[in-house]
Structures are given as structure tokens and as C-alpha cells.
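Naming: A, B, ... by sequence-line order, numbering from 1 per chain.
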Number of protein chains: 2
Amino acid sequence: MNTQMSKLKYHHGQLKEKLLGAALDLLEQEGIANLSLRKLSKIVGVSHNAPYRHFSDKSELLACLVQIGFERLSAAIDAAGRENPDDVAQYLLDAGVAYIQIASRSPVLFQLMFGGLTVKEAKFTEVKAAANRAYDKLFKIIALGKTEGVFKTYDTTSMTLAAWALVHGVATLHNSGYLNDRAPSKKAPAEMNRLLPSMLLKGLLK
Amino acid sequence: MNTQMSKLKYHHGQLKEKLLGAALDLLEQEGIANLSLRKLSKIVGVSHNAPYRHFSDKSELLACLVQIGFERLSAAIDAAGRENPDDVAQYLLDAGVAYIQIASRSPVLFQLMFGGLTVKEAKFTEVKAAANRAYDKLFKIIALGKTEGVFKTYDTTSMTLAAWALVHGVATLHNSGYLNDRAPSKKAPAEMNRLLPSMLLKGLLK
DNA sequence: ACCTGAACACCGTTCAAGT
DNA sequence: ACCTGAACACCGTTCAAGT
């Protein structure tokens with residue numbers, strides 16, 4: 001009659017993006033165990049089989065989510081760099097707090113990112129590259145602090161891994177509820193997010 | 001005829017323990033996504049429905065596994081205490097290394113322990129108590145180091161959480177492969193397990 | 001008490017068939 | 001090219017029925 005779309009739309013062209021968006025939502029709402037391709041298909045309004053046109057596998061869709069997660073992480077660390085551009089120690093702390101915040105904003109995605117997802121070969125290199133880009137941002141902050149003479153002269157990789165491990169641990173304990181249970185009542189969890197990394201920082205500073 | 005067991009054994013009485021043991025094995029072999037009650041039942045040799053006599057739910061079986069994991073963690077920290085009984089700083093490092101080793105011995109179980117498993121109310125308090133017992137062991141080491149005048153006088157809970165977070169992070173990065181990829185080639189991963197915690201330790205020592 | 005088979009609603013995945 | 005329904009082997013869970 002008028003401009004209404006045909007009832008049978010065989011090509012809507014945005015299926016992949018729509019599926020990933022719906023997956024990011026459903027993941028946080030229902031947990032990783034209850035994320036199914038069939039539910040996603042229903043939400044997006046296609047048959048339960050349509051996703052296989054864009055993902056070889058459920059695990060490939062999950063790998064795409066993980067990649068998105070690492071890209072968000074990189075962006076968050078970049079944003080943190082603008083807060084205290086002249087103080088490299090504060091810069092490292094800001095990046096750590098940003099890491100923890102990203103993790104608690106999407107806890108299930110964060111879990112998926114480090115959950116031993118056995119990604120297939122093709123996607124694996126892509127996902128690992130995204131993870132490496134986030135790692136490199138931390139690495140560069142440490143390297144900067146060393147050339148400025150603010151940080152100790154330990155092996156940069158080891159220092160970066162220690163910093164990563166600490167904020168990762170804080171994020172995980174935060175998300176699994178063990179930190180909130182334990183945090184001294186007067187200190188808000190947000191305060192712990194900066195205090196705990198600062199304890200490691202003391203060991204890294206000259 | 002002779003002493004052979006009856007073909008229909010309705011009461012074999014060890015079903016719960018057998019299921020948990022088989023679950024611990026299957027979990028590491030096939031990953032968390034492929035652990036099913038039906039497979040466990042087949043392995044143990046009962047009908048797919050028998051587990052419901054001992055577990056209200058699949059999630060209750062998983063909660064039992066998590067509890068076992070925390071008990072192993074406590075035992076490992078205890079064992080670490082016997083290595084350097086007179087040096088509290090080494091004691092803390094030994095406990096940290098033990099934590100990382102336990103995690104890498106049963107990576108999937110470790111993941112399950114911190115994987116946001118939504119445990120039902122009844123089991124929840126039991127699981128949390130087991131987690132608290134492991135936490136308390138770390139707490140006591142920190143407290144000891146403070147009374148001995150070896151550690152700084154920060155809030156003990158915060159120091160304990162920082163130590164927990166760091167070793168937890170190292171364990172997770174280890175298990176997800178990000179640490180092994182990054183570790184300086186000359187340093188064995190086992191060396192990183194002690195080096196990284198020692199960097200935090202520097203920030204905690206007086 | 002403990003175990004069983006049948007049944008239900010849900011999965012992931014494949015495939016021949018439609019436009 | 002893109003989408004569909006039917007079909008398969010697997011799940012968790014429930015329930016009436018067996019000893």
C-alpha cells in the first residue's frame with residue numbers, strides 16, 4: 001500500500017551487529033550460562049538458524065564479544081590518560097581504576113574475557129591482538145615512568161604484568177562479591193579501587 | 001553364585017562422593033560448559049536422574065565443587081606456612097605462590113570459584129564460610145608481619161585484599177594464557193609466580 | 001530410601017528447501 | 001545471498017512407578 005516494509009525481509013543487513021548488541025545485553029542480564037543463540041534469534045526477530053550466516057559457531061560469537069570487551073578496555077585506559085597527563089604515577093593509578101571500573105560495568109563480559117574460552121584458531125589471533133593492544137597501553141605507562149626516573153628499573157614486562165595482575169585481581173574480587181564483603185565499612189569500594197593499586201605502586205616507585 | 005554383587009544395586013551409598021569426584025575430573029577435562037549431570041551419571045553408572053537424590057540442583061553440585069576448591073586453597077596455604085616458619089615476608093610469598101599453584105593445578109575449578117556462580121541461599125553461607133577461612137589465613141600472616149614490625153601499618157584488611165588481588169590476578173592471567181605469552185623468555189613462569197608478588201611485597205614492607 | 005524410564009521444554013547444529 | 005522449518009542428539013528437570 002504505502003511505504004511499509006515487505007512482510008518477508010530477507011535482507012536486513014544488520015544482523016551481525018544486532019546479534020552482538022543483543023548478546024552484550026543478554027549476557028549481563030542472564031549470565032553466561034543462559035545465553036543461547038536461539039534466544040538471541042528470537043530477540044532480534046529471525047529464525048533460530050539465521051545466526052549461522054554470520055558466525056560459524058556459538059563460540060565465534062562469544063569470541064567477538066571478547067574482542068569488543070578488550071577494545072572497550074583499551075578505550076577506557078586511553079581516557080584515563082587524560083586525567084593527570086603530567087604525573088605518570090597518577091596516570092598508572094587512573095588506568096588501573098579505569099580497568100576496574102570497566103570490569104564492574106560489564107562483569108559477565110569481563111569474566112568471559114578471561115574465562116578460558118577456547119577460541120577457534122581463526123578468531124584467536126584477532127582476539128589476542130585486541131588483548132595485546134590493551135596490554136601495550138599499560139606497558140607504555142610503565143616504560144614512561146622508568147624513563148622519567150619515577151619508577152624503579154625492574155624489567156618492564158614484569159612490572160606491567162604485576163600491575164595488570166593486581167587490578168585484574170581487584171576487579172575479579174569486586175565482581176565475585178568477596179571484596180565488598182570484606183571492605184572496611186568506612187571505606188567505599190570505590191576508594192578501595194585506588195587504595196589497593198597504590199600499595200603496589202609504592203613497591204614500584206623509586 | 002559367589003560373592004559377586006547383585007546386579008541391581010539400589011543402595012551403593014557413595015553416590016554423592018562419586019559424583020563430586022567424577023565432576024572434578026570431568027570439569028578439568030571438558031571445561032565448565034561441557035559438564036553435564038547426565039554425563040556424570042553415565043560415568044558413575046547410575047541413571048541420569050539419580051543425582052537429584054543428593055543435589056537439589058545442578059547448581060548445588062557446582063557449589064559443592066567450589067567449596068572443595070576453597071578447602072584445598074586453605075590446605076595449600078597452611079602447607080606453605082611450614083616452608084619458612086621464621087620469616088614472615090617469605091611466609092607471605094610462599095602462601096602467594098601456593099595460591100597460584102593451586103589455581104593452575106585445577107584451572108577450571110578455580111574459574112568456577114570466582115565465576116559469579118549464583119549459589120542458592122542454603123549453600124551460599126557454607127561456600128562463603130569456606131572462602132572466608134582461606135582469606136583469614138592470609139589475614140593472619142599480614143597481621144603477624146605487622147606485630148613483628150616487618151610490615152607497614154596500613155589497615156590490615158586492605159593489605160590482605162591487595163595481596164589476595166595480586167596473586168589472584170597472576171593466577172588468572174596465568175590460566176588464561178596471557179602471562180605465559182608475555183613472560184620474558186628467560187624467566188620461567190614459575191619464577192614470575194614469585195617475582196610479581198614480591199613487587200607488591202616491597203610496597204608492604206617497612 | 002533409593003533408583004528407574006518416560007516425558008517436557010530447552011539447547012547447538014545440520015540440511016534440504018524456499019525467495 | 002539470505003532466510004526458513006524439520007530433524008537430530010543433547011541438555012536440566014519433573015514425576016509416576018518400581019524395589
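- The separation between Glu60(B) atom CD and dG12(D) atom P is 15 Å, rounded to whole Å.
- For the residue pair Trp164(A) / Tyr99(A), a side-chain donor-acceptor distance below 3.5 Å is found, with atom types taken as modelled.
- In this structure, the CG atom of Leu19(A) is 13 Å from the P atom of dC2(D), given to the nearest Å.
- No salt bridge links Arg82(B) with Asp94(B); every basic N to acidic carboxylate O contact stays at or beyond 4.0 Å.
- dG18(D): Watson-Crick or G-U partner is dC2(C), with both key distances under 3.5 Å.
- Between the CG atom of Leu61(A) and the P atom of dT13(C) there is a distance of 11 Å, rounded to whole Å.
- In the model, Lys128(A) has no side-chain atom that pairs as donor or acceptor with a side-chain atom of Tyr135(A) under 3.5 Å.
- Arg194(B) and Gln90(B) share a side-chain donor-acceptor pair at under 3.5 Å.
- Each of Asp78(A), Thr160(A), Asn132(A) was scored for a side chain to side chain donor-acceptor pair (under 3.5 Å) with Lys137(A), with one residue passing: Asp78(A).
- A donor-acceptor contact shorter than 3.5 Å is absent between the side chain of Asn193(A) and the backbone of Ile100(A).
- Phe55(A) has its CZ atom 13 Å from the P atom of dC2(D), to the nearest Å.
- The nearest whole Å value for the distance from the CZ atom in Arg53(A) to the P atom in dA1(D) is 10 Å.
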(request) Encode nucleotides 5-11 of chain C as B, S and - characters from 5' to 3', where the letter depends on protein heavy atoms closer than 4.0 Å: B to the base, S only to sugar-phosphate, - to neither. (result) BBB---B
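- The distance from atom NZ of Lys16(A) to atom C1' of dC3(D) is 18 Å, rounded to the nearest whole Å.
- With a 3.5 Å ceiling on both atom-pair distances, dC10(C) lacks any Watson-Crick or G-U wobble partner.
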